[in-house]
Amino acid sequence: MSKFAKKKDGEVPAVSTASLPDIVFMLLFFFMTVTVMKDSSLKVENVLPNASEVKKLEKKDRVIYIYVGKPTREYEKTFGTEPKIQLNDKFASPSEVGDYILMERAKKPQELQNVLTTALKVDKNANMGLISDIKQELRKVNALKVNYTTYEGDAFNNLQ
Amino acid sequence: MARRAGAPEVSAGSMADIAFLLLIFFLVTTTIETDAGLDRMLPPMEPPTEEPPIIKQKNIFTVNINRNGQLLVEDEILSIDKLREKAKAFLDNGGAPQGSPDYCSYCKGQRNAESSDNPSKAIISLKNDRETKYSTYITVQNELVGAYNELRNREAKRLFGKNYVDMEAEYLNPETEDSVKEELKEKVTRIQGLFPQKLSEAETSTE
């Protein structure tokens with residue numbers, strides 16, 4: 001009899017946590033692989049305007065980014081407060097855009113070189129003059145597909 | 001003497017904690033974002049020798065933005081919130097008379113002979129000042145693209161019972177299967193043919 005009397009009433013066996021590290025590691029590896037570290041830090045103010053008729057920019061490997069905006073606080077002293085173009089990590093003048101596009105295009109695999117999109121990430125307080133210069137440069141190097149990157153929202157919020 | 005049985009076992013109890021710490025770090029730094037925006041095609045550089053094609057004035061819808069963000073549409077001042085309606089009326093006008101080769105059978109507009117003949121002939125010309133603010137420009141672009149999208153939606157609903165915008169988004173989505181894509185491609189191009197996006201961006205005026 002005594003053999004079976006050991007079981008005490010009401011005690012629930014503890015859940016084994018031995019597999020917890022494995023589960024957590026699995027999650028960890030997932031996030032490690034999907035994480036993309038930012039490759040260029042922004043040196044310009046970049047508050048994008050809103051638009052409602054947006055299309056998603058799929059396939060990031062086919063996109064070349066151009067940033068435009070006022071230099072941030074720390075760069076204000078050296079570069080002034082007028083909107084500037086940022087290519088990769090440097091400030092640039094409009095005439096350098098063409099070369100930059102050609103360089104970036106050469107870096108991409110052959111089959112993607114004809115389907116590249118140029119994403120213009122422009123601060124909403126920038127002037128169109130600078131944008132027109134960029135557009136002219138893009139036309140010169142035949143990079144005709146552009147995407148004005150915006151936030152999704154009501155476009156009339158831009159006007160305030 | 002205490003009894004030693006090999007090396008003492010390393011406690012793995014804190015492994016979970018360490019892994020959690022790393023996990024939380026990567027969770028916080030991950031950004032799974034997709035950018036979105038207005039897709040546009042720039043006009044190619046025209047060869048200098050080529051004569052520009054002659055376009056009838058009534059087929060051009062001019063939009064001028066000045067440095068203060070005011071609009072001049074077809075030589076009249078217009079507020080931005082009315083631009084979409086006006087652009088739609090222009091594109092959908094279908095002014096060519098019945099029987100002429102340009103006759104538009106699906107247009108539901110005024111059929112005003114003074115306005116555009118056919119959506120495929122209608123051109124929107126957008127001009128801006130160098131001092132125009134980018135946000136104003138985007139708003140105007142958004143309204144013009146919106147006008148096209150609304151008309152395309154209408155035709156897509158009539159022909160295929162679906163929204164054009166949804167169809168296009170599905171077509172562009174890389175996760176869509178190829179067989180579905182083929183079918184969508186045909187429909188999308190057909191709708192695009194009915195209302196082709198002819199949005200000319202003239203070079204900016206300097207004064």
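Chain naming here is simple, since letters A, B, ... match the order of the sequence lines and numbering starts at 1 in each.
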Taking the side chain from B:Asn142 and the backbone from A:Ser52, do they hold a donor-acceptor pair closer than 3.5 Å? yes

So, taking the atom named CD in A:Glu137 and the one named CG in B:Leu42, what distance separates them when rounded to the nearest 0.5 Å? 12.0 Å

Is B:Phe20 in contact with chain A via its backbone, its side chain, both, or neither, using a 4.5 Å heavy-atom distance? both

Counting only heavy atoms not in B:Asp178, do more than 12 sit closer than 6.0 Å to its CG atom? no

Main-chain N/O of B:Tyr134 paired to A:Asn127 side chain as donor or acceptor, under 3.5 Å: no

Inspect the surroundings of NZ in A:Lys70 and state if more than 12 heavy atoms from other residues, nucleotides or ligands are less than 6.0 Å away. no

Do you know which of A:Leu120, A:Thr149, A:Thr117, A:Val122 has the most heavy-atom pairs with chain B at a distance under 4.5 angstrom? A:Val122

Does atom CD (B:Glu177) have a neighbourhood of more than 12 heavy atoms from anything else shown, all under 6.0 Å? no

How long is the span from the NZ atom in A:Lys55 to the CG atom in B:Leu172, to the nearest 0.5 Å? 6.5 Å

Counting heavy-atom pairs under 4.5 Å with chain B, the top scorer among A:Val54, A:Leu144, A:Asn50 is A:Leu144

With a 4.5 angstrom heavy-atom cut-off, which part of B:Asp39 approaches chain A: side chain, backbone, both or neither? both

Is any side-chain heavy atom of B:Glu143 closer than 4.5 Å to one of A:Phe156? yes

Is the shortest side-chain heavy-atom distance between B:Lys133 and A:Asn125 below 4.5 Å? yes

With a 4.5 angstrom heavy-atom cut-off, could you sort out which part of A:Ala143 is near chain B: side chain, backbone, both or neither? backbone

Heavy-atom cut-off 4.5 Å, strictly under: side chain, backbone, both or neither for A:Leu130 against chain B? backbone

Looking at every non-hydrogen atom in both residues, tell me the closest pair between A:Thr150 and B:Gly37 and how far apart they are. OG1-CA, 3.6 Å

Do other residues, nucleotides or ligands put more than 12 heavy atoms under 6.0 Å from the CD atom of A:Glu152? no

So which residue, B:Thr132, B:Ile24, B:Asp81, B:Leu22, ends up with the most heavy-atom pairs under 4.5 Å with chain A? B:Thr132

For A:Pro49 and B:Ile138, which heavy atoms make the closest approach, and how far apart are they? CG-CG1, 3.8 Å

Can you establish whether the number of heavy atoms outside B:Lys108 located under 6.0 Å from its atom NZ is more than 12? yes

What part of A:Asp123 gets within 4.5 angstrom of chain B, counting heavy atoms only: side chain, backbone, both, or neither? backbone

Heavy-atom side-chain contact between B:Leu38 and A:Asn147 under 4.5 Å: no

Side chain / backbone / both / neither for A:Leu27 at chain B, heavy atoms under 4.5 Å: both

Minimal non-hydrogen separation, A:Leu28 against B:Leu23, with atom names: CD1-N, 3.5 Å

Any salt bridge between B:Arg130 and A:Asp133, counting N to O under 4.0 Å? yes

Might you confirm whether atom CZ of A:Arg73 has over 12 heavy atoms from other residues, nucleotides or ligands at distances under 6.0 Å? no

Rounded to the nearest 0.5 Å, what separation is found between the CE atom of A:Met128 and the CZ atom of B:Arg67? 14.5 Å

What residue, out of B:Val165, B:Thr136, B:Ile80, has the most heavy-atom pairs lying under 4.5 Å from chain A? B:Ile80

For the CZ atom of B:Arg40 and the OG1 atom of A:Thr118, what is their distance to the nearest 0.5 Å? 14.5 Å

Report the C-alpha separation of A:Tyr148 and B:Tyr137 in whole Å, then their side-chain angles, then the decisive distance to 0.1 Å, and conclude whether the side-chain contact (heavy atoms from CB on, under 4.5 Å) test is met. CA-CA 11 Å; A:Tyr148 299 110; B:Tyr137 175 77; 3.4 Å; yes

